[in-house]
Enquirer: 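Structure incoming, see below.
If you're wondering where the values come from, they're calculated on a predicted model, not measured in any experiment. Atoms within a ligand are numbered from 1 in the order they appear, just like the ligands themselves.
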Amino acid sequence: MKNHLIDLNDFSKSHWDEIIALGEKIMDNPHIYEGSCRGSIMGTLFYEPSTRTQMSFQSAMLRLGGGIIGFDNPTASSIVKGESLKDTVKIVSGYSDIMVMRHPVAGSVKAAAMSADCPIINAGDGGHLHPTQTLTDMLTLRKEKGRLNNLKIGICGDLKYGRTVHSLVKALSCYENNSFVFISTDELQMPSYITAPLANHRKSDSLDEVIGELDVLYMTRIQRERFPSEAEYEKQSSRYILDMEKLDKGRSDLIVLHPLPRLNEIAVEVDDDPRALYFKQANYGMYVRMALILIILNYDIEPPVLIKGRVYEGVKCENEKCILQTEPHLKHSFIENSDKTLTCEYCEARK
Ligand code: NCD
């Protein structure tokens, strides 16, 4: 069974709850799970830089007794010789029992899944999604707030290119009575494929004004590498900085999360405040990834349907950051929304 994890929303909430609950159990009794993946191999294909995601996956697999192969520097693989994503994935999936892939292009992991001979996990596809960061965030919320519902969540920074917050909002909006405050400049607002299906959200351009209302403040880095030019990045950097003066306006039960790496958007002085949980959050990520690997390798779950929509005569995805622009063998297939607009199956851009 190829239980790929491309987008959490391909699975039911009960499956997310199962992964998170297993992550908690592993955290409480890690020795019970030692060796439970002995003999299995995880292939890690990192086409983009990574510290936490890559190492927490590797550490998770090693703790479960499995082995790891892979690259984190594609220039040291046959990719420099011009090998396509399709061919690389076909080959590495033959050497692996499970694969983890990060790539700079939206929809690339779904495209990879279509030629993979083993399950593949999306560790970040361009500025699109990052589902295992969201599992990390959900385990953190469960441990630190005791719930995944009835939360007012402020998300601040780069909401346009930040893939972690796209996956986070898609998942948390499925729990009862959660509401969102999107704190950003006009240029870096959430894409419409995230906001269109949402019931309960509002925008703000001021962290000061809203911080006092929040249960959770999720800070993000401005994603320099995804901007069209350095000048445009410069205009956006350093616009939102959480320091002690601002945090003091937050409630005592507020928690501050960040997927990391952090640049200057959280002042170092905040690290010592008990509400700052981002380092703990990164640690939870390893346990939830252990749970995910165990479930994918051992449980019999209905695999996701990769292509749900269809090709529309003459309609092409025009998002220049979509995998459809670089892998010509893929069909431009779309899902029709209730308002008759179309959503690209790979990058979710709407037209
Ligand atoms: C994030 C990512 O790669 O999207 N990092 C991570 O996986 N924890 C966030 C970021 O790079 O800003």
Enquirer: Whether the Y218 and D137 side chains hold a donor-acceptor pair (N or O, under 3.5 Å, no angle test) is what I'd like checked.
Expert: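 Yes - a donor-acceptor pair under 3.5 Å links their side chains.
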Enquirer: Please say whether E225 places an N or O atom under 3.5 Å from an N or O atom belonging to ligand 1.
Expert: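 N/O-N/O distance below 3.5 Å does not exist for this pair.
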Enquirer: If only atom types and distance count, is the side chain of K321 paired as donor or acceptor with the main-chain N or O of R226 below 3.5 Å?
Expert: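 Here the side-chain-to-backbone pair exists.
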Enquirer: In terms of the angle between their ring planes, are F227 and Y233 parallel, tilted or perpendicular, with boundaries placed at 30° and 60°?
Expert: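 Perpendicular: the ring planes of F227 and Y233 meet at over 60°.
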Enquirer: Hey, which atoms in ligand 1 end up nearer than 4.0 Å to a heavy atom of H130?
Expert: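 That gives atoms 2 (C), 4 (O), 6 (C), 7 (O) of ligand 1.
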Enquirer: Should the pair H15 and F11 be assigned to parallel (<30°), tilted (30 to 60°) or perpendicular (>60°) ring geometry?
Expert: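 Rings of H15 and F11: perpendicular, as their planes differ by over 60°.
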Enquirer: Is there a polar contact, in the sense of an N or O pair closer than 3.5 Å, between R102 and ligand 1?
Expert: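 Yes, at least one N or O pair falls under 3.5 Å.
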Enquirer: Compute the minimum heavy-atom distance from A282 to ligand 1 and say whether it is under 4.0 Å.
Expert: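 It does not, in that no heavy atom of A282 comes within the 4.0 Å cut-off of ligand 1.
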Enquirer: What protein heavy atom sits nearest atom 11 (O) of ligand 1, and how far off is it?
Expert: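 Here the closest protein heavy atom is R221 NH2, 2.9 Å.
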Enquirer: At under 4.0 Å between heavy atoms, is it the side chain or the backbone of E48 that contacts ligand 1, or both, or neither?
Expert: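 Neither part.
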Enquirer: At less than 4.0 angstrom from any non-hydrogen atom of Q133, what atoms of ligand 1 do you find?
Expert: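 This gives 6 (C), 8 (N) as the contact atoms.
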Enquirer: Measure L260 to ligand 1 on non-hydrogen atoms and call it side chain, backbone, both or neither using the 4.0 Å cut-off.
Expert: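 Backbone only; the side chain of L260 stays clear of ligand 1.
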Enquirer: Give the residue, atom name and distance (to 0.1 Å) of the protein heavy atom nearest atom 3 (O) of ligand 1.
Expert: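 Sorting protein heavy atoms by distance from atom 3 (O) of ligand 1 puts R163 NH2, 2.9 Å first.
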Enquirer: How are the rings of W16 and Y175 set to each other: parallel, tilted or perpendicular (split at 30° and 60°)?
Expert: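 The rings of W16 and Y175 sit tilted, inter-plane angle from 30° to 60°.
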Enquirer: Under 4.0 Å from any heavy atom of T53, which atoms of ligand 1 are there?
Expert: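 It comes down to these atoms of ligand 1: 6 (C), 7 (O).
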Enquirer: Between T134 and L168 (side chain of the first, backbone of the second, donor and acceptor by atom type, cut-off under 3.5 Å), is there such a pair?
Expert: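 Such a contact is found between T134 side chain and L168 backbone.
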Enquirer: State, without any angle test, whether N264 and S238 hold a side-chain donor-acceptor pair at a distance under 3.5 Å.
Expert: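 S238 and N264 do have a side-chain donor-acceptor pair below 3.5 Å.
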Enquirer: Hey, what's the ring geometry for H103 with Y47, parallel, tilted or perpendicular (30° and 60° as the breaks)?
Expert: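 Correct class here is tilted.
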Enquirer: Using a plain distance cutoff, I'd like to know if P259 has any nitrogen or oxygen under 3.5 Å from a nitrogen or oxygen of ligand 1.
Expert: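 Indeed, backbone or side chain, P259 has an N or O that close.
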